[in-house]
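Read through the structure below, which is laid out as structure tokens, and then see the notes.
Because only heavy atoms are used, hydrogens play no part in the values below, and waters and symmetry mates are left out as well, while side chains stay in.
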Amino acid sequence: MDVTGAERGGEQVRLVPWGEGDLWLLERNNSPEMTDHLGGPETPEKLADRHRRYLEPDSGRMYRVVLAEGGETVGSIGYWERHWQGEPVWETGWAVLPEFQGRGLAVRAARAVTEAVRKAVRETGGHRTLHAFPSVDHPASNGVCRGAGFTLLGRFDFEYPKGHWIAANDWCVDLRQ
């Protein structure tokens, strides 16, 4: 099942469920520039582990973000379960390849994944909120949250990856609305 995100006057994107052949996208996203706000590049072994988790998630789903017209892959996005402030929530995160940045594609993908999570919650139940935790020093990702309709709840210390603490903003969408 593909999920489509569109915006007036902009390029449309589709969310395609993560597949066996998508490891290359994790490798492309593993550059120092793309992981600067995430603790730096991962080893090939960690990327292979991440790929396996994306293929068979315990909860949630990962997607490749593709242009609706032409089908070119522009990035990745997904959602997964996390415990946050004493309760289970959904968390989302994304990456857009450098040559596609600055075109609003991440905002469209974030809106599309929000709708995918809403649909999953309506069909099977689940958590009432979707969160994103970008570094306070990452204006582009904070802009994606703002543009996708998330509400800023505040600044928190956030561990990502394990053992690496960052100052992050907690952005949230109420999935019941």
Side-chain angles (χ1 to χ4, degrees), residues 1-44 46-57 59-82 90-120 130-135 137-150 158 160-161 166 168-169 171-173:
M1 173 185 78
D2 290 351
V3 180
T4 302
E7 191 166 306
R8 288 168 293 177
E11 296 170 284
Q12 293 185 21
V13 298
R14 286 185 306 122
L15 304 184
V16 178
W18 196 263
E20 189 65 47
D22 293 334
L23 177 61
W24 70 270
L25 185 53
L26 283 176
E27 293 167 342
R28 280 281 321 270
N29 287 330
N30 198 43
S31 69
E33 302 79 32
M34 292 290 289
T35 60
D36 183 45
H37 295 281
L38 301 171
E42 294 182 303
T43 66
K46 285 194 177 197
L47 286 182
D49 288 344
R50 179 181 298 278
H51 179 60
R52 280 190 289 279
R53 287 193 314 271
Y54 285 7
L55 288 170
E56 298 177 19
S59 65
R61 173 161 273 186
M62 286 302 298
Y63 300 96
R64 239 180 343 106
V65 180
V66 302
L67 293 177
E69 191 169 313
E72 191 170 9
T73 297
V74 301
S76 61
I77 194 165
Y79 67 98
W80 52 90
E81 188 175 60
R82 145 178 302 280
W90 295 115
E91 179 183 352
T92 187
W94 53 86
V96 173
L97 295 169
E99 62 269 28
F100 296 101
Q101 293 176 5
R103 293 165 49 176
L105 301 172
V107 170
R108 290 180 196 101
R111 288 179 180 168
V113 87
T114 299
E115 289 311 309
V117 178
R118 273 194 178 109
K119 182 179 180 193
L130 175 66
H131 293 255
F133 300 99
S135 166
D137 298 325
H138 196 311
S141 284
N142 284 284
V144 168
C145 293
R146 192 176 301 105
F150 285 63
F158 192 81
Y160 187 86
I166 63 170
N169 284 322
W171 292 87
C172 181
V173 170

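Rounding to the nearest 0.5 Å gives a distance of 4.5 Å between CH2 of Trp18 and CG of Leu25. In this structure, CZ in Arg50 is found 13.0 Å from CG in Leu55, a value given to the nearest 0.5 Å. Between the CD atom in Glu27 and the CD atom in Glu42 there is a gap of 11.5 Å [rounded to 0.5 Å].
Residues satisfying the ring-ring contact (aromatic ring centres under 6.0 Å, His included) test with Phe150, not counting sequence neighbours, are none. Remark: Ser141 engages Trp94, Pro134, His138 in a side-chain contact (heavy atoms from CB on, under 4.5 Å) (not counting sequence neighbours). For Glu56, the side-chain contact (heavy atoms from CB on, under 4.5 Å) criterion is met by no residue, not counting sequence neighbours. With sequence neighbours left out, Phe133 forms a ring-ring contact (aromatic ring centres under 6.0 Å, His included) with Trp84, His131, Phe158.
Within the 4.5 Å cutoff, no side-chain heavy atoms of Val173 are placed close to those of Trp90. Residues Tyr79 and Val117 meet the side-chain proximity criterion, which asks for heavy atoms closer than 4.5 Å. Put simply, the side chain of Leu26 reaches to within 4.5 Å of the side chain of Leu47, judged on heavy atoms.
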For the pair Arg111 and Thr114, evaluate side chain to side chain contact (heavy atoms under 4.5 Å, CB included) and give the outcome as yes or no after the intermediate values. CA-CA 5 Å; Arg111 288 179 180 168; Thr114 299; 5.6 Å; no
Side chain to side chain contact (heavy atoms under 4.5 Å, CB included) assessment of Met62 paired with Trp80: CA-CA 8 Å; Met62 286 302 298; Trp80 52 90; 4.0 Å; yes
Applying side chain to side chain contact (heavy atoms under 4.5 Å, CB included) to Val16 and Tyr63, what does each step give before you reach the verdict? CA-CA 5 Å; Val16 178; Tyr63 300 96; 5.8 Å; no
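Minimum interatomic distance between Arg61 and Pro17 (heavy atoms only, all atoms of both residues): NH1-CG, 3.8 Å. Shown here for Val144 and Ala110, the closest heavy-atom pair between the two residues is CG1-CB, 4.0 Å.
In this structure a side-chain-to-backbone donor-acceptor pair under 3.5 Å is missing from Asn29 to Val96. Remark: side-chain polar atoms of Arg108 are paired, donor with acceptor, to backbone N or O of Gly104 under 3.5 angstrom. Formation of a donor-acceptor pair under 3.5 Å by the Thr92 side chain with backbone atoms of Gly78 is found in this model. A donor-acceptor pair is defined here as one N or O able to donate and one able to accept, closer than 3.5 Å; such a pair exists between the side chain of Ser59 and the backbone of Glu81.
A salt bridge links Asp49 with Arg52: the closest approach of a Lys/Arg side-chain nitrogen to an acidic carboxylate oxygen falls below 4.0 angstrom.
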Show me the donor-acceptor pairs, under 3.5 Å and distance only, between side chains in residues 64-72 and residues at least two apart or in other chains.
residue, atom, partner, partner atom, Å
Arg64, NE, Asp22, OD1, 3.0
Arg64, NE, Asp22, OD2, 3.4
Arg64, NH1, Thr73, OG1, 2.7

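Within the structure, the salt bridge (Lys or Arg N to Asp or Glu O under 4.0 Å) test picks out the following pairs touching residues 90-106 (sequence neighbours left out): Glu11-Arg103, Arg28-Glu99, Arg82-Glu91.
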